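Within every chain, numbering begins at 1; the chains are lettered A, B, ... in the order of the sequence lines, protein sequences first and strands thereafter. Worth knowing before you read on, the calculation uses all heavy atoms, side chains too, and leaves out hydrogens, waters and symmetry mates. For clarity, every value in this text was computed on a predicted model and none was experimentally measured.
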Amino acid sequence: MIKQVMRDKYFLLLLAPVLIYYVIFKYVPMFGIVISFKNYNLFKGIWDSEWVGLKYYIQFFTNPDAFELIRNTFLLGAYKLLFGFPAPIILALLLNEVRWSIYKRFVQTVSYLPHFISVVVVAGMLTLFLSPTIGFINDVIKAFGFQPINFLMEAGWFRTIYVASGIWQEAGWGSIIYLAALTTVDPQLYEAAEIDGAGRWKRMLHVTLPGIAPAMVILLVLNAGQILEIGFEKVFLLYNPATYETADVISTYVYRTGIVKGNFSYGTAVDLFMGVISFIFVFSANYASRRLGETSLW
Amino acid sequence: MYHLVLNDPRILLGYKNTIVYVALGTLLSLSFTAMGAYALARKNLVFGKTFMLMIVFTMLFSGGMIPTFLVVKSLGLMNTIWAMTIPGLISTWNLIVMRTFFQGIPKELEESGKMDGLTDIGVFTWIVLPLSKPALSTIGLFYAVGLWNNFFLALLYLRDESMYPLQVILRNIVMAGQYSDAQVVSASGDEMIVEESLKYATILVSTLPILMVYPFIQKYFVKGAMIGSVKG
């Protein structure tokens with residue numbers, strides 16, 4: 001053992017900053033979770049604050065907002081999966097049919113771009129486009145003689161806006177992996193199908209789709225595991241008290257009650273509850289993908 | 001219009017802050033990621049499996065927002081340049097991609113370096129790193145874009161307005177509608193139109209750097225996404 005450590009001493013030295021980072025910023029906070037069982041007080045510190053057991057967990061579950069928060073988090077994730085998962089596949093299939101390669105490359109370049117735009121810019125553009133007074137979407141609605149809709153102030157629109165903008169931002173980037181899978185499809189299969197009289201549509205259905213099916217299954221499973229990972233930033237930037245009823249999710253609630261109002265123990269309890277559920281999702285998804293194919297997170 | 005935006009002291013300050021955060025953050029993140037990934041890429045590294053497990057586990061479970069916040073606070077990083085660069089120092093995903101890349105470098109090259117009397121660190125610096133320019137630039141770009149776009153760290157850890165990066169200032173202008181006095185005075189004419197154009201101009205000015213370099217570096221990004229799709 002000591003011999004091995006000596007042999008690898010330079011490697012351990014190279015690895016040291018990474019390990020220190022993970023210990024301080026990932027593992028110390030994991031132990032910091034104990035504050036959810038204590039009445040944490042900034043001045044007393046973690047050790048001297050008194051234990052309160054499950055007080056904050058009970059407080060969360062008896063809170064009338066708890067159900068709404070869990071439902072919102074789950075539904076946003078579910079809609080994102082339902083509509084966001086097929087989008088890159090469809091885009092990749094369409095791009096695969098494009099014969100003019102300059103055009104194809106142009107579309108690819110343009111569709112990858114939104115992935116690199118910041119959430120603040122996306123939220124800002126949505127605010128401007130959807131504004132009831134200056135937004136062009138409402139200009140169109142008004143031109144047809146309807147009343148303008150104040151999209152961002154109406155709870156009923158939040159999920160649609162969240163999911164649709166997510167597709168706009170990520171569909172192109174997500175299509176890369178499918179386009180890569182498509183290049184592995186044997187061209188002879190296409191020729192054979194053509195000789196058998198299959199048109200373009202039939203070829204896509206019976207050659208292309210089965211060709212990328214393994215990639216689809218793996219990504220579906222991995223995406224399903226991420227269902228509760230709702231990005232904090234976008235919800236935070238787009239929601240407001242008028243839309244809390246559909247928009248408020250666990251992470252934004254933790255931020256408001258924990259960080260802004262300073263209820264550190266309560267916020268940590270809520271966060272841990274969701275973290276555990278999320279862990280179960282990711283873990284089972286990864287288990288499933290390992291059974292289905294060779295790909296897994298670890 | 002652009003004149004108004006570009007003369008807004010907050011935008012200039014935000015630009016300056018963001019550039020500093022991106023430069024320092026990318027340098028630190030990329031160096032430490034490359035060093036760590038090289039060590040982890042070694043097949044028989046002592047405790048290698050344990051370290052890898054420990055790192056991957058953080059992808060599944062984390063202490064959450066508040067315990068991390070308290071750690072950053074107790075280390076005295078709040079309102080410093082380190083608040084923007086250290087809490088997100090290593091991206092586990094990038095670390096794994098980098099490791100996968102290093103695993104593909106032929107062992108013979110490293111052995112030849114050792115024959116010439118280099119230490120392991122010497123092999124890494126003089127043989128492996130020069131061979132890894134494509135991977136380094138890809139991961140560096142991912143880090144740089146992440147830092148440029150970062151809003152979350154600033155929201156949590158920066159309270160002092162003079163430290164705000166561009167994204168926070170952008171949000172304050174576009175979403176919350178705060179203007180500096182000079183703009184309100186000079187914009188009092190056709191208010192609605194001016195307000196709208198000002199917001200668009202602000203968005204464009206803050207996104208322009210990415211839009212301008214994007215077409216040239218796009219292929220690196222795509223390569224990065226492809227390496228990431230292969231299991232390590």
Side-chain angles (χ1 to χ4, degrees), chain A residues 1 4-5 7-8 10-15 17-19 21-22 24-33 35 109 112-113 116-121 123-125 127-128 133-134 173 176-177 180 232-233 236-237 251 254-255 258-259 264 267-268 271-272 275 279 282-283 294-298, chain B residues 32-33 35-36 38-40 42 45-46 51 53-56 58-71 75 86-87 89-90 95 119-121 124 145 148-149 151-152 155-156 167 170-171 174-175 192 195-196 199-200 203 206-207 210-211 214-215 218 221-222 225-226 229 231:
Chain A
M1 182 75 86
Q4 280 173 312
V5 172
R7 182 200 64 195
D8 286 345
Y10 290 118
F11 290 103
L12 294 173
L13 197 65
L14 286 172
L15 189 58
V18 170
L19 290 179
Y21 168 78
Y22 276 93
I24 295 182
F25 292 96
K26 304 283 178 183
Y27 282 88
V28 172
M30 280 185 211
F31 293 101
I33 284 171
I35 66 169
T109 305
Y112 300 160
L113 178 62
F116 298 101
I117 292 177
S118 80
V119 190
V120 182
V121 168
M125 291 194 324
T127 316
L128 289 170
T133 46
I134 55 174
W173 188 249
I176 292 178
I177 194 157
F232 165 85
E233 293 182 342
F236 177 79
L237 288 163
S251 57
V254 170
Y255 175 76
I259 308 257
F264 292 121
T268 307
D271 212 1
L272 178 63
F279 175 80
V282 182
F283 195 82
E294 254 92 84
T295 316
S296 71
L297 227 50
W298 61 85
Chain B
F32 291 139
T33 302
M35 284 158 54
Y38 180 62
L40 290 168
R42 204 179 144 82
L45 178 74
V46 57
F51 292 147
L53 195 70
M54 177 185 145
I55 287 166
V56 170
T58 63
M59 288 173 108
L60 297 178
F61 188 74
S62 78
M65 192 189 292
I66 293 171
T68 313
F69 173 83
L70 294 174
V71 167
L75 290 172
I86 302 293
L89 185 70
I90 307 289
L95 184 71
T119 60
D120 292 321
I121 292 182
F124 175 63
V145 172
W148 183 278
N149 287 341
F151 171 72
F152 185 68
L155 179 76
L156 280 182
Q167 299 298 331
L170 180 66
R171 181 233 174 187
V174 177
M175 316 278 296
M192 208 64 113
E195 188 190 311
E196 183 188 14
K199 288 180 176 182
Y200 278 117
I203 286 184
S206 66
T207 322
I210 287 188
L211 291 182
Y214 170 75
Q218 193 234 131
F221 285 134
V222 175
M226 303 286 259
S229 65
K231 198 204 160 200

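- Chain A forms more heavy-atom pairs under 4.5 Å with one residue of B:G36, B:G64, B:G63 than with any other, namely B:G63.
- Of all heavy-atom pairs between A:D8 and B:L45, the closest is OD2-CA, 3.4 Å.
- Proximity of A:L14 to B:Y38: side-chain heavy atoms (C-beta onward) are separated by under 4.5 Å at one or more points.
- Scanning both residues, B:I86 and A:Y21, for their nearest heavy atoms gives O-CE1, 3.2 Å.
- Remark: B:T207 engages A:I117, A:V121, B:I203, B:L211 in a side chain to side chain contact (heavy atoms under 4.5 Å, CB included) (not counting sequence neighbours).
- Around atom OH of A:Y10, no more than 12 heavy atoms belonging to other residues, nucleotides or ligands sit under 6.0 Å away.
- Heavy-atom distances place the side chain of A:L272, and not its backbone, under 4.5 Å from chain B.
- Taking the side chain as every heavy atom from C-beta outward, A:I24 and B:L75 approach each other to under 4.5 Å.
- Only the side chain of B:L70 comes within contact range of chain A, judged by heavy atoms closer than 4.5 Å.
- Scanning for side chain to side chain contact (heavy atoms under 4.5 Å, CB included) contacts around A:L19 gives A:L15, B:F51, B:M54, with sequence neighbours left out.
- Below 30°, between 30° and 60°, or above 60°: for A:F232 and B:F152 the angle between ring planes is above 60°, a perpendicular geometry.
- Looking only at side-chain heavy atoms (C-beta outward), B:T58 and A:Y27 come within less than 4.5 Å of each other.
- Here the side chains of A:K26 and B:I55 are not in contact, with every heavy-atom distance at 4.5 Å or above.
- Between chain B and the options A:I259, A:V18, A:T268, A:T127, heavy-atom pairs under 4.5 Å are most frequent for A:I259.
- In terms of heavy-atom proximity, A:F11 sits nearest to B:A39 at O-CB, 3.3 Å.
- Minimum heavy-atom separation, B:M35 to A:P17: CE-CG, 3.9 Å.
- Closest of all the heavy-atom pairs between A:P29 and B:P67 is O-CB, 3.3 Å.
- Between chain B and the residues A:V28, A:V254, A:V5, A:V120, the largest count of heavy-atom pairs under 4.5 Å involves A:V120.
- In this structure the side chain of A:D271 never reaches within 4.5 angstrom of the side chain of B:I66, judged on heavy atoms.
- B:L95 has its side chain within reach of A:Y22: a pair of non-hydrogen atoms, C-beta onward, lies under 4.5 Å apart.
- Proximity of B:Y200 to A:L128: side-chain heavy atoms (C-beta onward) are separated by under 4.5 Å at one or more points.
- In this structure, the portion of B:F69 lying under 4.5 Å from any heavy atom of chain A is its side chain and not its backbone.
- Proximity to chain A is limited to the side chain of B:I210, based on heavy atoms less than 4.5 angstrom apart.
- Between B:Y214 and A:F116, the angle of the ring planes lies from 30° to 60°, which puts this pair in the tilted group.
- One distance of note links CZ of A:F236 with CG of B:L155; it measures 4.5 Å at 0.5 Å rounding.
- Heavy-atom distances place no part of A:V119 under 4.5 Å from chain B, backbone and side chain included.
- Atom OG in B:S62 sits 7.5 Å away from atom CD1 in A:I33 (nearest 0.5 Å).
- Pairing each heavy atom of B:F151 with each of A:E233, the nearest pair is N-OE2, 3.6 Å.
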